[in-house]
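This report concerns only the one structure given below.
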Amino acid sequence: MKKYLVTGSYGQIGVALIPAMIKKYGRENVIATGRKKPIPLFKELDVIYRRLDVRDQFGLRSLIVENDIDIIIHNASVLSATGEKNPQLAHSINFEGFYNVLEASRELKIEQLFTPSSIAAFGPTTPLVNTPNTTIMEPTSIYGISKVYIELMGNYYNLKYGLNFRALRYPGVLSPEEPGGGTTDYAIWIFYEALKNMKYTCFLGADVRLPMMMMSDCLKSTFDLIEADDAKLKHRSYNVTGMSFTPEELANAIRKYLPDFTIDYEPDFRNAIALSWPQSLDDSAAREEWGWEPELPFDKMVPAMLDGVSQRLGISYK
Ligand code: SER
């Protein structure tokens, strides 16, 4: 069994990924790390958790050596909205942090480095409808620029040093867990506010279409790519998507379950970020090369989110 180290493990994806990894690979083979104290869920699951700031290259290397790590899943990142509020922090965590992980992976001969990229790696000059896997990438957010850096550097280390680098361009990821600092987060907060207050004020405009996927599909794509046979991969970074919708369409779908739900719109700086991102993604490269296929469509996502968020809030809506 391989040994895995996960950075940024208490983020929105980490809190779903770590339990799924423990189930799949065994508790003793998964080392969760992060800058803060372990979250209650990790204590409950007796997760092996170590404190790590990815900017600390010595701490990172010690953990890799002491735990004899084979595969790194590097999730630590400042997301798009937080990045625009603090580009310097985003630079140090997203660029320097990734460089430390990349160099440690090379020097310590890590078997595979997986890291999320994002729809944010695209920008206003990209064809934004059905965005191809290979296309113009001139993002305008610091977060998006860091994702292009990650993709290009990962590819470079693959070509130059044979590092087994793999990345997925996640769209907005939907789960009942509270997200942190992203632009696609509206599509989660809408469920919280609908269930608590029957009303949501959206920070994106009504018609801003973005690609999204349910957490179960995010985890599936991650495991599928990590486990894919290297000989099949013609790319290092792949588009993946599950669905695409606007705030208005999502509000209408929620109204089928909560007829009194209302939404209004007060677009802020995040609207401009969203408008520079793809409306939908062409994920055919992932489908063809390693058999990617999403499982959860829009009409099943809505009741799944209502169930998940209502459970977290202890509210019954049926
Ligand atoms: N969900 C991310 C964000 O909104 C995009 O990768 O920042």
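Atoms within a ligand are numbered from 1 in the order they appear, just like the ligands themselves.
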- Item | Shortest non-hydrogen contact between Val15 and Ile39, atoms and distance | CG1-CD1, 3.4 Å
- Query: Of all heavy-atom pairs between Gly8 and Asn75, which one has the smallest distance, and what is that distance?
  - Reply: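 Result for this residue pair: O-CB, 4.2 Å.
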- Is there a nitrogen or oxygen of Tyr143 sitting under 3.5 Å from a nitrogen or oxygen of ligand 1?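 Yes, Tyr143 has an N/O under 3.5 Å of an N/O on ligand 1.
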Counting each atom of ligand 1 from 1 as listed, which ones have a heavy atom of [X] under 4.0 Å away?
| X | answer |
| --- | --- |
| Ser80 | 3 (C), 4 (O), 7 (O) |
| Thr183 | 3 (C), 4 (O), 7 (O) |
| Ser118 | 5 (C), 6 (O) |
| Trp277 | 3 (C), 4 (O), 5 (C), 7 (O) |
| Leu79 | 7 (O) |

- Measure up the Phe203 and Tyr186 rings against each other and bin them: parallel (under 30°), tilted (30 to 60°), perpendicular (over 60°). perpendicular
- Query: Aromatic rings Tyr161 and Tyr156: how do their planes relate, parallel, tilted or perpendicular, breaks at 30° and 60°?
  - Reply: perpendicular
- Residue and atom name of the nearest protein heavy atom (relative to atom 2 (C) of ligand 1), distance in Å to one decimal: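 Here the closest protein heavy atom is Thr184 OG1, 3.9 Å.
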- Message: Quick one, Ile93 and Arg35 - any side-chain contact, counting heavy atoms below 4.5 Å?
- Response: yes
- Residue pair Lys300 / Met214, side-chain heavy-atom distance below 4.5 Å: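 No; the side chains remain at least 4.5 Å from each other.
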